[in-house]
Peer 1: 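Can you keep this structure in mind? I'll have questions shortly.
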Number of protein chains: 2
Amino acid sequence: MATFMDVHHGMNGITADQLAAAHQADLAVESAEGVHFKQAWADPDSGTVYCLSEAPSKEAVQRVHERAGHAADEIHAVPLSV
Amino acid sequence: MATFMDVHHGMNGITADQLAAAHQADLAVESAEGVHFKQAWADPDSGTVYCLSEAPSKEAVQRVHERAGHAADEIHAVPLSV
């Protein structure tokens with residue numbers, strides 16, 4: 001398992017309810033891929049959403065996001081943290 | 001106070017020690033700006049570092065990073081989180 005930060009662009013105007021619903025959609029399908037989405041942060045002005053996950057691979061992160069209806073624009077392994 | 005996610009590019013090859021030292025440099029000067037850097041994640045392969053902070057403004061976040069010797073390339077307020 002590794003830690004990943006993924007980024008979605010173009011989510012301008014996203015609301016708290018929409019962010020919560022998107023996160024729930026990830027949680028609903030993540031177990032099939034061995035992924036867990038831990039946290040997410042959104043900037044409605046720039047339309048940027050950051051998601052932090054634990055997953056076996058970048059591809060597994062993307063498969064969960066795709067199944068939940070919102071593929072990520074960037075996915076980075078973040079092996080270092082403080 | 002608000003929550004911010006900032007991003008540094010070009011940090012290819014960053015090590016755990018370098019990330020820890022950079023974070024400590026932020027912590028050492030943050031109080032003058034009323035900022036607190038909470039967490040940071042790094043991808044040495046793509047050279048991307050994400051920093052999560054609580055701060056009074058985007059400008060205060062950047063002033064701390066500048067004083068610590070590593071200005072951010074992007075700073076986004078992230079008023080929504082899950």
Side-chain angles (χ1 to χ4, degrees), chain A residues 1-28 30 35-55 57-59 61-62 64-65 68 70 72-82, chain B residues 1-28 30 35-55 57-59 61-62 64-65 68 70 72-82:
Chain A
M1 293 292 275
T3 305
F4 295 86
M5 184 75 81
D6 68 76
V7 186
H8 304 253
H9 299 294
M11 307 294 280
N12 304 73
I14 188 171
T15 66
D17 284 353
Q18 288 169 333
L19 180 66
H23 187 60
Q24 283 302 320
D26 288 324
L27 296 182
E30 67 182 14
V35 174
H36 179 52
F37 282 95
K38 299 170 70 176
Q39 287 182 268
W41 299 268
D43 174 9
D45 286 347
S46 70
T48 313
V49 177
Y50 301 91
C51 301
L52 184 71
S53 62
E54 297 287 334
S57 69
K58 181 184 293 197
E59 292 72 22
V61 172
Q62 188 68 302
V64 173
H65 270 341
H70 46 247
D73 296 302
E74 304 171 42
I75 305 176
H76 297 286
V78 285
L80 308 181
S81 64
V82 291
Chain B
M1 295 291 276
T3 305
F4 294 87
M5 184 75 82
D6 68 76
V7 186
H8 305 253
H9 299 293
M11 307 294 280
N12 304 72
I14 187 169
T15 67
D17 284 352
Q18 289 170 332
L19 180 65
H23 187 61
Q24 282 302 318
D26 288 326
L27 296 181
E30 67 182 17
V35 173
H36 179 52
F37 282 94
K38 299 171 70 176
Q39 287 181 268
W41 300 267
D43 174 8
D45 287 346
S46 71
T48 313
V49 177
Y50 301 92
C51 301
L52 184 70
S53 63
E54 296 287 333
S57 69
K58 181 184 295 197
E59 291 74 20
V61 171
Q62 188 66 303
V64 173
H65 269 341
H70 46 247
D73 296 302
E74 303 172 41
I75 305 177
H76 296 287
V78 285
L80 308 181
S81 65
V82 291

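Per chain, numbering begins at 1; letters A, B, ... match sequence-line order.
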Peer 1: Heavy-atom distances under 4.5 Å only: say whether Ile14(B) touches chain A with side chain, backbone, both or neither.
Peer 2: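 It is both, since atoms from each part get that close.
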Peer 1: Check whether any side-chain heavy atom of His8(B) lies under 4.5 Å from a side-chain heavy atom of His65(B), and answer yes or no.
Peer 2: yes
Peer 1: Count the heavy-atom pairs under 4.5 Å between each of Cys51(A), Ala40(A), Ala77(A) and chain B, then report the option with the highest count.
Peer 2: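 Going by pairs under 4.5 Å, I would pick Ala40(A).
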Peer 1: Any non-hydrogen side-chain atom of Thr48(B) less than 4.5 Å from a side-chain atom of Val7(B)?
Peer 2: yes
Peer 1: Any side-chain heavy atom of Ile75(B) sitting closer than 4.5 Å to one from Glu59(B)?
Peer 2: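 In short, these two side chains do not touch, never coming nearer than 4.5 Å.
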Peer 1: Using atom types as modelled and distance alone, determine if a side-chain donor or acceptor of Glu30(A) lies under 3.5 Å from a backbone N or O of Phe37(A).
Peer 2: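 Such a contact is found between Glu30(A) side chain and Phe37(A) backbone.
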Peer 1: Can you name the residues that form a ring-ring contact (aromatic ring centres under 6.0 Å, His included) with Phe4(B), not counting sequence neighbours?
Peer 2: none
Peer 1: For Glu74(B), is it the side chain, the backbone, both or neither that has a heavy atom under 4.5 Å from a heavy atom of chain A?
Peer 2: side chain
Peer 1: Among Thr15(A), Val49(A), Leu80(A), Thr3(A), single out the residue with the greatest number of heavy-atom pairs under 4.5 Å to chain B.
Peer 2: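 Most heavy-atom pairs within the cutoff with chain B belong to Leu80(A).
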Peer 1: Relative to chain B, which segment of His23(A) carries a heavy atom at a distance below 4.5 Å: side chain, backbone, both, or neither?
Peer 2: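 Side chain of His23(A) only, per the 4.5 Å heavy-atom cut-off to chain B.
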